[in-house]
Amino acid sequence: MKITFYGHASLGVEVSGRKIIVDPYISANPKASHIDINTLEADFILLTHAHGDHILDVEAIAKRTNAVIISNAEIAGYYGKKGFQSHPMNHGGSWNFDFGKVKYVNAIHSSSFPDGSNGGNPGGFVIEGEHKNIYIAGDTALTMDMKLIPMRTKLDLAIFPIGDNFTMDVDDAIIASDFVDCDKILGIHYDTFGYIEINHEEAIKKFFDKGKDLMLLEIGDFIEL
């Protein structure tokens with residue numbers, strides 16, 4: 001499994017020969033100006049919620065690649081009415097796609113489209129691939145529901161927002177890593193705006209002091225599991 005960071009909360013995931021884009025907010029992010037969305041391939045697009053900083057480039061990518069949009073029922077329906085392929089899910093439900101099993105899990109946040117349309121309830125995704133399992137928390141507060149995840153899935157990586165103000169901060173993300181029983185963390189949703197700037201060295205040290213590994217990738221860099 002290969003995971004590429006495209007800035008903010010945007011990710012590319014390659015698993016079992018399939019390419020997935022998560023929460024594409026790239027073209028309006030000056031920090032990701034070197035990423036050309038017209039070169040990104042996608043078989044699927046996963047959306048955690050409907051905020052503009054997570055869905056900005058969905059239509060451009062989906063129109064060009066014919067990717068299937070996977071999200072909650074409201075978001076899937078929104079794009080379905082526009083003629084895009086979509087697969088609706090809801091909390092606690094899972095589906096076996098050709099790249100692996102996806103479960104839509106709880107997140108504590110808000111969710112509405114920039115045009116005011118109903119974005120349903122926000123969520124996260126647990127992806128069980130052929131060899132590795134990951135948890136993409138989406139934008140969320142720390143929640144006790146995270147304790148349910150390791151009851152069903154042994155994680156190899158947890159992807160957490162760490163920028164504070166709109167989501168968990170670093171200290172809550174450390175607790176969240178305990179809740180999901182995973183010490184390998186990829187941080188997202190930080191530095192994009194003034195509200196969510198963090199001290200990288202301090203964040204990494206806090207995780208290290210707890211025996212955990214926090215990865216803060218440069219935009220365009222990737223890790224392999």
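Remember, it's a predicted structure, so these values are computed and weren't measured experimentally. When a residue number appears, it is its place in the shown sequence, counting from 1.
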Between [X] and [Y], do the side chains contain an N or O donor and an N or O acceptor separated by less than 3.5 Å?
X    : Y    : value
D139 : H51  : no
D53  : H8   : yes
H49  : S110 : no

Check your understanding: Does any non-hydrogen side-chain atom of V105 lie less than 4.5 Å from one of D145?
Key -> no

Review point. Between F99 and D43, is any pair of side-chain heavy atoms under 4.5 Å apart?
Key: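 No. Closest side-chain heavy atoms not under 4.5 Å.
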
Exercise for review: Give a yes or no on whether a salt bridge exists between K184 and D213, defined as a side-chain N under 4.0 angstrom from a carboxylate O.
Suggested key: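 D213 and K184: salt-bridged.
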
Checking [X] side chain against [Y] main chain: does a donor-acceptor pair fall under 3.5 Å?
X    : Y    : answer
N72  : N121 : yes
D57  : S27  : yes
T140 : I108 : yes
T4   : D221 : no
S71  : L47  : yes
R64  : I37  : yes

Could you list the residues that satisfy ring-ring contact (aromatic ring centres under 6.0 Å, His included) with [X], not counting sequence neighbours?
X    : value
H131 : none
Y6   : none
F84  : none

Review point. Are L217 and I162 connected in the hydrophobic side-chain network, where two residues link if heavy atoms are under 4.5 Å apart?
Key: yes

Check your understanding: Under the 4.5 Å side-chain heavy-atom rule for ILVMFWY, direct or indirect, which residues accompany F166?
Key ->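 Other cluster members: Y25, L56, F193, Y195, I196.
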
Exercise for review: Scan for ring pair (Phe, Tyr, Trp, His ring centres under 6.0 Å) pairs involving residues 201-225, sequence neighbours excluded, and state none if there are none.
Suggested key: none

Residues 148-159, side-chain donor-acceptor partners within the protein, below 3.5 Å, at least two apart:
{"residue": "T153", "atom": "OG1", "partner": "E128", "partner atom": "OE2", "Å": "2.5"}
{"residue": "D156", "atom": "OD2", "partner": "N133", "partner atom": "N", "Å": "2.8"}

